Amino acid sequence: MTSLFINNQEVEVTPGTSILEACREHGHDVPYFCYHPELSVAANCRMCLVEVEGWGKPAASCCTPVSEGMKVKTQSASLAKDREMVMEYLLIHHPLDCPVCDQGGSCKLQDYTVEHGASKGRYAEPKRAVVNYELGPFVNTCMTRCIHCTRCVRFADEVAGTGDIGILNRSDHMSIAGIVEEALESELSGNLPDICPVGALLDKPSHDVSRPWEMSHHKSTCTQCPNGCDISIESRGDEVMRIRPIDGSPEPWICDRGRYVYDAFRSDNRILKPTVRRDGALEEATWDEAFEQVSALLKGKRVGILFSPDWSIEGQMAIRLMRDALFPAARVAYGLHRRDMRSFAFEEGFSMTTAQIEAADQVVVLGSDLRQRLPLLMQRLRKRSRAGKPVSRIGAMNYRTNMDISSDALVRPRDWAAVIARAMEQISQVGKTAAGFDSWMAAVPERHEAGKVLADALLADSCALLVGEEIRAHEDAAALIHGLDLLMRACGHAESGNDGRNLIPEGMNRQVLSATHGDVRVSAGDLFAAASAGDLDALILIGSDPVGDGLFPSAAKAALARVPLVQIGSLSGEMAQFAAVQLPAAAYSEVAGTFVNMEGRIRVASNPIKSLGQERPLWKVMMRMIQVMGADVPVVNLDELRAVVANRLPELAGAWGAAAADTVLIKPRRNRDVSYTPVARSDSFELDVVSRYSMYREGMWARASDLLSEAGRIHALDDVLVHPQTLEAKGMTAGEHRVRTFLGEATYHIGLREDVSPGVLFVGKRGVAGDLSDVSGASIVGGASE
Amino acid sequence: MTISSDPKQVKQICFDNINVPDMNKLAVAREHGAYAFLPTVLKEFDSAKIIDEVKTSGLRGRGGAGFPTGLKWSFVPRNTGKPTYLLCNADEGEPGTFKDRDIMRFDPHLLIEGMIMAGFALNVHDAYIYIRGEFLHEANVMNEAIAEAYAANLLGENILGSGYSMHLTVHRGAGAYICGEETALIESLEGKPGRPRFKPPFPAVEGFYGCPTVVNNVETLATVPAILEFGGQWHASIGVPNNTGCKIFSVSGHVNKPGNYEVPMGTSLKTLIEEYCGGLQHGTVPKVIIPGGSSTPWLTAEHYDTPLTYDALMKAGSFLGSGAIIVMDETADLVALTHRLAHFYAHESCGQCTPCREGTGWLERIMDRVEHGKGNAKDVAVLKDAATHMAGRTICALAEGAAAPVLSLLKFFPEDVKTRLAEKSS
Amino acid sequence: MSADAVRFSEERLAEIETLVKRYPGPQSALMPVLYMAQEDFGYLSMDTQKMIAGVLGLRLMQVREVVTFYTMFREQPCGTHLLEVCTNAGCMLNGAYELAEHMCKTLGIKMGETTPDGLFTIAEVECAGACGGAPVVQVNNIYHEKATPDSMDALITHVRAQAGGKA
Ligand SMILES: Cc1cc2nc3c(=O)[nH]c(=O)nc-3n(C[C@H](O)[C@H](O)[C@H](O)COP(=O)(O)O)c2cc1C
Ligand code: SF4
Ligand code: FES
């Protein structure tokens, strides 16, 4: 430790700390603009000057490291004059248009002018003109207000990895600019207005709608991806005005999906009142009328239940209680992206924290578009790569990452077994093995060179394996994951304390779901098949849209054509057309509830925003349903419900205590006894189908958001893509072609893209491509039919 | 390299052969002793000895800051597992400076030889000459000389069979004064805008591509061969203590024979101007002398006898800087000149530091008004405030340089300003 | 016009390939490559900048930042003869402004402009590093020291005559 004196107070800090950080740590105020704790140091604003005894000149505290015995002063007459002058320099070209600026009230320049500025500027010359530029659908620019702190430039470079914001020209013609005709492509762009200390970069959607001081703040958890960021929901009355990251969270950023989804909260898509289908149309009804209808449809019937993983743990527990009380034989599905329902050697969820992943010697991403899927984990990986640490990747497409991938391989989903077997072979050669290696390898006839990328990384001391949707949704997923598990064991990455096995879950709360619903779970596909086969009488859908999302849209449509649907949730979506009854349940912003993210980190939201309509928390809807349908109501308040949860999942018992919440980590389930070897696929389709997950389009909330939908249009890919060789080999060119799958033949527009693996049919726009989402194999059979 | 037949009689180190026709050709240079001592250095000297000799010589960097060269070299960490780079600063942008240009166009092999020796001492395998973009001819001459040196195995792999390899590349700047500042130079050489980096880390530890890097001025490096051949002691015996050796002074402005003059340190300003430069164009005593390039504070007639050493000029309130002496006689319009220099710094500020970016533009605009008779009473105070709070509060010293002319004008010639104001101050 | 329209010749690309090897990273080759492009295409259009970004594997913004920072990179075409008059201290004290004014008059244009025949662009530049020969005028980067109104007039007349001869 280094000890120094700040304003005569002796303090100790880690060697290498900057004076500014030492001051911040110990509560000595130093003004600054360009410094940002998450960004590299630029030291260009010169506002952070302090005096160091014995130095002839004031020092910029942000870029001056502390040294032993240093005597720092943060206040003096001469510093006050220096700061006043910096303010004067900064303001000479500033428009001083605070009354019309959205930043007013939360502007560093405004605050410091009051605190450090002179009463009157002395600049009498013309102010410079500056051009604005395009930063994507979410950011407005007003560059005359820019103070050139370069935070946005560093953010784009270091965090977003896009680097599309730069510094043009020099001297006082210097300007911060984007590429004029190209909008910034970043899934983190909404953070730019947050990091801009003045009103140069502003939030476009909330432009001019409200002032910072009119908002009330609600701490909550974002459920838009399994990262589960802490968010602050800012509302005026019951209207959500914006969502922002929370100061002091592990991550100071949130992604655009989590931030801009809020307009869905008040979209026409909301279910705000119970409805009942009468004469073919859904009509408003009272709760009693609706429940009567539910009762009529479901009582004594064979039902299937499908729900979304995004509900709070309390909501999910209530679903279980409802099932047990009313339909003890019902099959339950959660999630829409899994075909293979055998137990996985390591189940969905992370063994590691994101901080541990950032620090690991090696990281391998298997079959995941991480930037879309987990934008903030992607940002962590970029951070580690800037620190010179490798990230390898194997997958069906060279998904864009905005970072340098150290080793990269393209594979078809059918090759995964050969990839793993190749890795096993290499690992065995250096004398590492695990029981079951040989029979696993023996079951796979081929070897795929991409296995070298995997094996090379596994040989490091610590290796984080991030297993993604291409494997999770694979028909033989349990065998592949077992193979990966063997590899991880052989290399010592499967021990407690050094467990690198991470299976990227489809949504929030996955670790909890294994405990609360694991025993009654089936695949959504099975549920639809059962309904289509006449084995079910009705479906209950709780916050899920299997036609818009997931692997089974055609199967879902077929099932819903046969059996009635009771829809419970916050959003109507495409499901409304099938619903016989709709019951409104409150959105995640509107409930007090508990959430677990992919790392197993617990968050308790306790300050919900007001409901907009008649919607009630899901658990209350469930309890009411139990009551109406004549069973005993198992719990009457949240505490009782939580006690039931804690019963199933003892780790959670302390979660609602005072301080424990942030530290509880629930580990994903391990199934040590499973042992599956790969089986050869029997169908004869030449191409493997992989569909893209788009953060702007996936999930009911995103589709209900106009803001995200607009961004989705900007970031869209062609409907269906293949590697150029794939068509070349058939003597075809890009265009309309017939595609055959087990569902039949249909015509699609097929585009070309180098970064798709040969042998893969990549579905760029799920939903638009309809039936292709249901299949895992396809063949291109010819040109468009005339 | 050989200095005139008798090193004891030396008057010139870098310029010893500056007037030899075709000295840029390897054959001619060799006839005049170029590379003659190099094999001995490569064979018999080692890094420690070379650095010792340079330390003993008392050589101080000729680029402007006057930092002891041997000491700078000794800061380079060894065995870091990273390569060490040597960068020759040939940006020569400081208004008034034009000495490096002559070394490069007339005696390029002297610089190459100096760089090989320095590179050998620092275990450098890739060295670069960063030359200002305008010096196209000089870059061409350097490149031809380098090509000849490669052909003669003076550069490249296994130089003269010594086992030491060094590659040398000329890299052209493109019109940015700030790239003479060593960290801006590094940024520029990395293919980026030349915006200075804050220190620490110092380039010696983390410079070019994050590796240990030494940046030296052309004249500094061109002095190295003589020091190694004749010994550090010999170099230390020229000039005065702590200010040893010779220095090239680029003299311009109102003198009759402007040009480069290499003289022993300690020669007085007056001697240089009167004996070498043929005196002033008008009058006998200069009105203003800018002794070390336009960024250094002005001296006036009272300093005419000051010896040209780092120490004496500092005592007089200025700096020796790059040795660029701009002389002005009584005909000079100092307000116009200050405005012109303010324009220069406003044009050349890299733009990153608030006080420099905004301050230089502000000074220029006020000076413009004052020069054109549109100034007002408050301008003097604003000029002083704006200039004072730029200096020493920024990443690099450009802001300080920008403040110097304005503050000098206000200090020595307040009347020149006041008489130009439209509205006189009380 | 698409970025495909601007292309380096095969020889240039080979030259760039060797050039890149002289530096620890390819971005260092950016400035020399910009000079090449300026020589080949006259100035650095946006398409040229995009093409260069592609050749060196850089982002367009990295190229834009460099092009706009350095004064010797031009985003606009200029006359075949670029006359750059130094007006900094050394030259100013030796009549550079008077010289510049005279040259503008001879050319019939203002500072910073190009003659309608495309032969000359005249610009004021910062210290050329040749103050011993003040005033200095660079003509396409060739230094003319101790320039006088007469010597510059002669140069202009000569260029005009040559161009006229060709036409
Ligand atoms: C604004 C500025 C401009 C500079 N320009 C030059 C220059 O053109 N040539 C030069 O050699 N040094 C220049 N320097 C000094 C360099 O930063 C550095 O000190 C020098 O190259 C070190 O070499 P030396 O130790 O051999 O003198 C400049 C410094 C500053 C602050
Ligand atoms: S002082 Fe001026 S030139 Fe130097 S780094 Fe700061 S802004 Fe750039
Ligand atoms: S915070 Fe230190 S210079 Fe900006």
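Note that the structure is predicted; figures quoted are calculated from it, not measured. In what follows, chains carry the letters A, B, and so on, assigned in the order in which the sequence lines appear, proteins first and then strands, with residues in each chain numbered from 1.
Between chain A and the residues B:M390, B:H389, B:E348, B:Q352, the largest count of heavy-atom pairs under 4.5 Å involves B:H389. Here A:K81 is the residue among A:E88, A:K81, A:H93, A:R128 with the most heavy-atom pairs under 4.5 Å with chain B. Of the listed residues B:G392, B:P200, B:P193, the one with more heavy-atom pairs under 4.5 angstrom with chain A than any other is B:G392.
Among the candidates A:T74, A:V41, A:V66, A:V30, the single residue satisfying the side chain to side chain contact (heavy atoms under 4.5 Å, CB included) test with A:L20 is A:V30.
Between A:I167 and B:R195 the shortest side-chain heavy-atom distance falls below 4.5 Å. Looking at heavy atoms from C-beta onward, A:P197 lies in side-chain contact with A:C149 at the 4.5 angstrom threshold.
Between the side chain of A:S61 and the backbone N or O of A:C48, at least one donor-acceptor pair lies under 3.5 Å.
Contact annotation for B:R197: neither backbone nor side-chain heavy atoms come within less than 4.5 Å of a heavy atom of chain A. With a 4.5 angstrom heavy-atom cutoff, A:L90 touches chain B via backbone and side-chain atoms both. When heavy atoms are compared at a cutoff of 4.5 Å, B:A391 does not approach chain A at all. In this structure, no portion of A:H173 lies under 4.5 Å from any heavy atom of chain B. Using a 4.5 Å cut-off between heavy atoms, B:E364 does not touch chain A at all. Heavy atoms closer than 4.5 Å to chain A are found in both the backbone and the side chain of B:C353.
Using a 4.0 Å cut-off between charged nitrogen and carboxylate oxygen, B:D385 and A:R122 count as a salt-bridge pair. The pair B:K199-B:E182 meets the salt-bridge criterion, since a charged nitrogen lies less than 4.0 angstrom from a carboxylate oxygen.
In this structure, B:R357 forms no cation-pi arrangement with A:Y89, as its terminal cationic atom is not both closer than 6.0 Å to the ring centre and no more than 45° off the ring axis.
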